[in-house]
Asks: 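Structure in structure tokens, see below.
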Number of protein chains: 2
Amino acid sequence: MAERTVIGGVGRVLRPDPHRCGRCALAGLKFLRCLSEGEAAFVRDLKRGEMTFDPGSLILHEGEEADSLYTVVSGWAIRYKTLADARRQILKFVLPGDFLGLQSSIFAAAEHSVEALTEVRTCVFLRKRFWEMQERHPQLGYEMVWVAASDEQHLDAALLSVGQRSALERAAYLLLDLYIRAEERELVVNETVLFPFNQQHLADALGLSLVHTNKVIGRLRTMKLIKWEGRAFQLLDRAGMEAVAKWEARANAVPRAFL
Amino acid sequence: MAERTVIGGVGRVLRPDPHRCGRCALAGLKFLRCLSEGEAAFVRDLKRGEMTFDPGSLILHEGEEADSLYTVVSGWAIRYKTLADARRQILKFVLPGDFLGLQSSIFAAAEHSVEALTEVRTCVFLRKRFWEMQERHPQLGYEMVWVAASDEQHLDAALLSVGQRSALERAAYLLLDLYIRAEERELVVNETVLFPFNQQHLADALGLSLVHTNKVIGRLRTMKLIKWEGRAFQLLDRAGMEAVAKWEARANAVPRAFL
DNA sequence: CGCGACTTTGAGGAATTTCAATAGGCGTGG
DNA sequence: CCACGCCTATTGAAATTCCTCAAAGTCGCG
């Protein structure tokens with residue numbers, strides 16, 4: 001019963017045996033609401049199964065048709081786009097609770113790729129049957145708009161960051177964002193998150209070179225704002241980070257149903 | 001009957017008197033499908049009215065609650081976010097057929113602003129009644145997911161651009177994108193579009209300084225890729241622009257219903 | 001004509017990239 | 001157990017891109 005979810009090879013338990021919403025590891029996260037009985041039944045029916053991806057494997061592939069949608073249950077991934085000459089822009093670090101493939105449910109082919117950074121466990125839904133949901137459970141259909149709008153907000157913020165913030169501000173902003181999102185997902189233990197990515201990933205998300213990214217992180221360390229050794233990341237001075245990052249409070253959103 | 005829509009102060013007629021889908025100036029655009037009779041009736045009911053914004057006025061205001069949603073019928077606008085110290089990132093140039101306020105229909109307050117560049121005519125819908133649509137016309141609800149996903153793709157591309165492309169590539173990419181979107185909306189006449197924005201706007205969208213933006217545009221001119229005098233913009237060498245911009249074909253999407 | 005808004009140009013400086021080299025950690029094979 | 005190779009992090013230095021400052025030029029308009 002007490003289901004164990006192992007993240008990134010490090011044996012940490014994520015919510016064994018949730019109480020109300022079924023056996024899902026996501027149950028209980030504050031920004032997710034539980035499904036009603038009718039919804040849950042429908043979703044169970046809609047659900048095609050579960051799929052686990054190894055680190056490094058592709059969940060979605062740029063330019064390829066996808067007939068599936070995924071809810072990430074555990075693990076980290078990156079969503080990115082590339083240019084022909086291999087420059088890569090990481091659009092988002094994907095965490096548990098994030099939804100993948102909405103775009104490809106509208107456009108035949110995904111325009112971006114998603115790669116697992118750790119082992120990633122997902123729930124899989126069939127794209128074809130997806131719009132049926134709109135009809136039978138409008139509330140769930142509405143949640144899809146929620147997901148899309150919420151993704152868009154995150155992208156807006158990222159674009160603001162890459163377009164307007166200096167390298168230092170930008171790095172601080174991204175690390176803070178990741179920390180907070182990890183916190184919401186209860187991935188912070190002893191004030192520490194295990195980041196399953198390296199500085200090259202960070203560089204690709206920030207639109208900076210690897211070398212400069214490294215130097216900027218060094219500065220955040222020197223400023224005693226963060227600690228980051230191996231994979232273990234700590235936020236030493238949140239207020240300081242917010243100041244450097246030009247952080248702005250984010251709008252509180254209504255919790256969304258999890259699928 | 002033959003309704004005349006004036007854009008940006010320049011007396012150009014945009015589809016007077018469309019045939020099937022009512023009197024809307026958007027009717028007939030290739031990427032929009034017409035509404036069914038039932039849908040149209042519902043939308044007429046949902047519709048609160050029309051609203052025209054003067055150049056420079058705000059359609060949505062960052063941090064403010066909005067109880068309305070808008071479909072842009074004619075005119076240009078910019079959607080942007082700002083930092084406390086007034087740095088501004090333009091997230092998107094808004095054109096006819098674009099939908100505004102979806103995010104604020106989910107989150108109480110908009111996290112971005114939208115400012116009219118020209119006179120902007122819109123159809124206005126009440127946010128509160130919006131989710132009713134999900135129930136009564138699931139197909140239309142689905143279109144909202146379409147809109148959101150499509151916006152997101154555009155943002156993905158913009159982030160890739162700002163994060164990875166050089167100043168020259170980035171400028172070429174944005175101008176090409178604007179040209180193509182204008183073309184889809186039948187705003188290109190005699191191979192010419194009237195751009196209602198200045199180089200500062202462009203700079204704020206590219207994440208570049210005004211001066212550097214100017215120099216980069218100068219280079220595109222010297223390369224005989226574009227012509228841009230006053231407000232009139234021409235694409236002289238599309239293939240050349242695509243090459244410089246590292247352009248990649250975009251996925252064809254199913255047309256969406258217009259609201 | 002003169003003002004205001006926008007564009008263009010030059011020059012110096014700061015931020016960031018590229019190149020190059022070193023260092024540390026970790027796993028594998030000998 | 002050690003040596004080696006590979007991957008990642010770190011550092012220094014030169015090269016380039018982009019930014020800021022400053023000034024001049026253009027254009028429309030009252």
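Within every chain, numbering begins at 1; the chains are lettered A, B, ... in the order of the sequence lines, protein sequences first and strands thereafter. The figures that follow rest on heavy atoms only: side chains count, while hydrogens, waters and symmetry mates do not.
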Asks: Identify, with sequence neighbours excluded, every residue that meets side chain to side chain contact (heavy atoms under 4.5 Å, CB included) alongside B:Asp151.
Replies: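 B:Asp151 satisfies side chain to side chain contact (heavy atoms under 4.5 Å, CB included) with A:Glu152, B:Lys92 only.
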
Asks: To the nearest 0.5 angstrom, please state how far the OG atom of B:Ser74 sits from the CD atom of B:Glu119.
Replies: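 If we round to the nearest 0.5 Å, B:Ser74:OG and B:Glu119:CD are 6.5 Å apart.
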
Asks: Donor-acceptor pair, B:Asn214 side chain versus B:Ile217 backbone, under 3.5 Å?
Replies: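 Flag not set: sc B:Asn214 to bb B:Ile217 has no pair under 3.5 Å.
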
Asks: CZ of B:Arg165 versus C1' of D:dC18: gap in Å, rounded?
Replies: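 Nearest whole value for this atom pair: 18 Å.
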
Asks: Mind checking if B:Arg170 touches a base, just sugar-phosphate, or nothing, with heavy atoms under 4.0 Å?
Replies: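 Answer is nothing: B:Arg170 stays at 4.0 Å or more from every strand.
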
Asks: Under 3.5 Å, is there a donor-acceptor pair between the side chain of A:Thr122 and the main chain of A:Val72?
Replies: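 Flag not set: sc A:Thr122 to bb A:Val72 has no pair under 3.5 Å.
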
Asks: Do the numbers put A:Arg181 on top of the ring of A:Phe93, so that NZ or CZ is under 6.0 Å from the six-membered ring centre and no more than 45° off the axis?
Replies: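 No, A:Arg181 does not lie over the aromatic ring of A:Phe93.
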
Asks: Using whole Å, report how far CG of A:Leu202 lies from C1' of D:dA9.
Replies: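 To the nearest whole Å, that distance equals 13 Å.
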
Asks: Does C:dA5 have OP1 or OP2 under 4.0 Å away from a side-chain N or O of B:Gln199?
Replies: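 Checking B:Gln199 against C:dA5: no side-chain N or O falls below 4.0 Å of OP1 or OP2.
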
Asks: Can you pull out the residues from residues 206-230 of chain B that lie within a 4.0 Å heavy-atom distance of DNA chain D?
Replies: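 Nucleic-acid contacts, sorted: B:Gly207, B:Leu208, B:Ser209, B:Val211, B:His212.
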
Asks: Picking from D:dT10, C:dT16, C:dT7, which would you name as closest to the side chain of A:Ser166?
Replies: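 In terms of side-chain proximity for A:Ser166, the closest of D:dT10, C:dT16, C:dT7 is C:dT16.
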
Asks: Between atom CD in A:Gln200 and atom P in D:dT10, what is the gap in whole Å?
Replies: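 Atom CD in A:Gln200 sits about 14 Å away from atom P in D:dT10.
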
Asks: Please report, rounded to the nearest Å, how far the P atom of D:dC7 is from the CZ atom of A:Arg231.
Replies: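 Result: 14 Å.
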
Asks: Between B:Arg231 and B:Phe195, is NZ or CZ placed under 6.0 angstrom from the six-membered ring centre and within 45° of the ring axis?
Replies: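 No, B:Arg231 and B:Phe195 do not form such a contact.
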
Asks: Is any side-chain heavy atom of A:Tyr173 less than 4.5 Å from a side-chain heavy atom of A:Lys246?
Replies: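 Not touching, per the 4.5 Å side-chain cut-off.
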
Asks: Over how many whole Å does the gap from B:Asn198 atom CG to C:dC6 atom P extend?
Replies: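 To the nearest whole Å, that distance equals 5 Å.
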
Asks: Which of these passes side-chain hydrogen bond (donor to acceptor under 3.5 Å, both in side chains) with A:Thr82: A:Glu62, A:His112, A:Arg87?
Replies: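 Testing A:Thr82 for a side-chain hydrogen bond (donor to acceptor under 3.5 Å, both in side chains) against A:Glu62, A:His112, A:Arg87 leaves exactly one candidate, A:Glu62.
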
Asks: What bend angle does the helix from C:dC1-D:dG30 to C:dG30-D:dC1 show across its length, from five-pair end axes and to the nearest 10 degrees?
Replies: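 Computed from the C1' atoms at both ends, the axes differ by 20°.
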
Asks: Output the rounded distance in Å from CD (B:Gln164) to P (D:dT17).
Replies: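 Between P of D:dT17 and CD of B:Gln164: 16 Å.
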
Asks: Does atom NZ of B:Lys224 have more than 12 heavy-atom neighbours, drawn from other residues, nucleotides or ligands, at distances under 6.0 Å?
Replies: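 Check fails, neighbour count at 12 or below.
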
